[in-house]
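Just so it is clear, the values below take in all heavy atoms, side chains as well, and ignore hydrogens, waters and symmetry mates.
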Amino acid sequence: MDNNTDLHHQFMSRAIALARIGVQKNAGGPFGAVIVKDGEIIAEGHNEVLVNNDPSAHAEITAIRRACAALGDFQLTGCTLYTSCEPCPMCLGAIYWARPDKVYFACTKKDAATAGFDDDFIYRELDLPMDQRSIDMEHLPHDHSTTPFEDWGKKEDKIPY
């Protein structure tokens with residue numbers, strides 16, 4: 001950790017406070033996140049799965065959406081994410097797509113599992129062949145399935161991400 005220990009503590013304390021606020025509001029699970037740029041919080045969020053009936057409304061996703069809106073960009077270059085718990089597979093994917101410079105987390109995925117939030121089954125599912133997964137998945141080829149990729153490849157004004 002660098003020399004900004006007090007700031008790190010302050011930002012993580014806010015993420016944890018947001019997790020507790022979400023619990024008090026019955027908004028969703030006990031998770032909170034803040035995104036910092038240039039030493040200032042630019043976005044924050046807590047789990048809102050229940051209040052929004054949205055299984056993707058995890059704290060990190062909520063904070064990422066708000067930070068990207070605030071910055072007017074789909075990437076979080078120059079930003080740091082502080083989250084009350086080690087990100088789940090979905091949030092981890094979103095974090096990699098958003099590309100913040102660094103992520104700090106307080107609790108581990110083992111802590112989350114102890115509290116009843118065990119995402120380890122998702123990691124195990126990803127390693128299984130599709131026909132052995134708990135949700136039935138089947139490849140359904142289509143004559144025009146690659147057309148959108150071809151369109152993308154030909155697009156001269158595309159913005160890669």
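Summarising the geometry, atom CD belonging to Glu138 is positioned 9.5 Å from atom CG belonging to Asp131; distances are rounded to the nearest 0.5 Å. Atom OG of Ser134 sits about 8.5 Å away from atom CG of Leu128, to the nearest 0.5 Å. Here CD1 of Ile135 is found 13.5 Å from CE of Met130. Values are rounded to the nearest 0.5 Å. To the nearest 0.5 Å, atoms OG1 (Thr62) and CG (Asn52) are separated by 7.5 Å. Residue Thr146 holds its OG1 atom at 11.0 Å from NE2 of His142, rounded to the nearest 0.5 Å.
Taking all atoms of both residues into account, the shortest heavy-atom contact from Trp152 to Ile159 is CH2-O, 3.7 Å. For the residue pair Ala94 and Ile61, the shortest heavy atom distance occurs at CB-CD1, 3.3 Å.
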With a 3.5 Å cut-off and sequence neighbours excluded, list the donor-acceptor pairs that the side chains of residues 72-92 form with protein atoms.
{"residue": "Asp73", "atom": "OD1", "partner": "Gln75", "partner atom": "N", "Å": "3.4"}
{"residue": "Tyr82", "atom": "OH", "partner": "His8", "partner atom": "ND1", "Å": "2.6"}
{"residue": "Thr83", "atom": "OG1", "partner": "Gly32", "partner atom": "O", "Å": "3.4"}
{"residue": "Thr83", "atom": "OG1", "partner": "Glu60", "partner atom": "OE2", "Å": "2.9"}
{"residue": "Thr83", "atom": "OG1", "partner": "Cys85", "partner atom": "O", "Å": "3.3"}
{"residue": "Ser84", "atom": "OG", "partner": "Gly32", "partner atom": "N", "Å": "2.9"}
{"residue": "Ser84", "atom": "OG", "partner": "Gly32", "partner atom": "O", "Å": "3.4"}
{"residue": "Glu86", "atom": "OE1", "partner": "Lys109", "partner atom": "N", "Å": "2.9"}

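Contact annotation: the side chain of Ile64 approaches that of Ile35 to within less than 4.5 Å [non-hydrogen atoms, C-beta and beyond]. The shortest distance between side-chain heavy atoms of Phe31 and His58 does not fall below 4.5 Å. By the 4.5 Å heavy-atom criterion applied to side chains, Asn26 and Val51 are not counted as neighbours.
Take Lys25 and apply the side chain to side chain contact (heavy atoms under 4.5 Å, CB included) test, not counting sequence neighbours, and it matches Ile21, Ala27, His46. Pro141 meets the side chain to side chain contact (heavy atoms under 4.5 Å, CB included) test with His139; sequence neighbours excluded. In this structure, the salt bridge (Lys or Arg N to Asp or Glu O under 4.0 Å) partners of Glu44, at least two apart in sequence or on a different chain, are Arg14. Under the side-chain hydrogen bond (donor to acceptor under 3.5 Å, both in side chains) criterion, Ser145 pairs with no residue at all, not counting sequence neighbours. With sequence neighbours excluded, the residues satisfying side-chain hydrogen bond (donor to acceptor under 3.5 Å, both in side chains) with Arg124 are Asp120.
Using a 4.5 Å cut-off between side-chain heavy atoms of Ile, Leu, Val, Met, Phe, Trp and Tyr, with links allowed through other members, Ile122 and Phe105 fall into different hydrophobic clusters. In the hydrophobic clustering of ILVMFWY residues, with side-chain heavy atoms under 4.5 Å counting as a link, Tyr104 and Val36 come out together. Leu71 and Ile41 are assigned to two separate hydrophobic clusters, defined by single-linkage of ILVMFWY side chains at heavy-atom distances under 4.5 Å.
Of the possible polar contacts, none joining the Asp118 side chain to the Ala113 backbone as a donor-acceptor pair under 3.5 Å is found. Side-chain atoms of Arg99 come within 3.5 Å of backbone N or O of Trp97 as a donor-acceptor pair. A donor-acceptor contact shorter than 3.5 Å links the side chain of Arg133 to the backbone of Glu125. The main-chain N or O of Asp111 is found under 3.5 Å from a side-chain atom of Thr108 such that the two form a donor-acceptor pair.
Counting non-hydrogen atoms of other residues, nucleotides and ligands closer than 6.0 Å to CD of Gln132 gives a total above 12. More than 12 heavy atoms of other residues, nucleotides or ligands shown are found within 6.0 angstrom of OH on Tyr123.
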Q: For salt bridge (charged side-chain N to carboxylate O under 4.0 Å, His left out), just list the numbers for Asp54 and Arg65, CA-CA rounded to whole Å, side-chain angles, deciding distance to a tenth of an Å, and then say yes or no.
A: CA-CA 14 Å; Asp54 179 356; Arg65 288 175 179 158; 3.8 Å; yes
Q.
I'd like to know whether Met12 forms a side chain to side chain contact (heavy atoms under 4.5 Å, CB included) with Val34, so could you lay out the CA-CA distance, the side-chain angles of the two residues, the decisive distance to 0.1 Å, and finally the verdict.
A. CA-CA 8 Å; Met12 187 59 75; Val34 298; over 6 Å; no
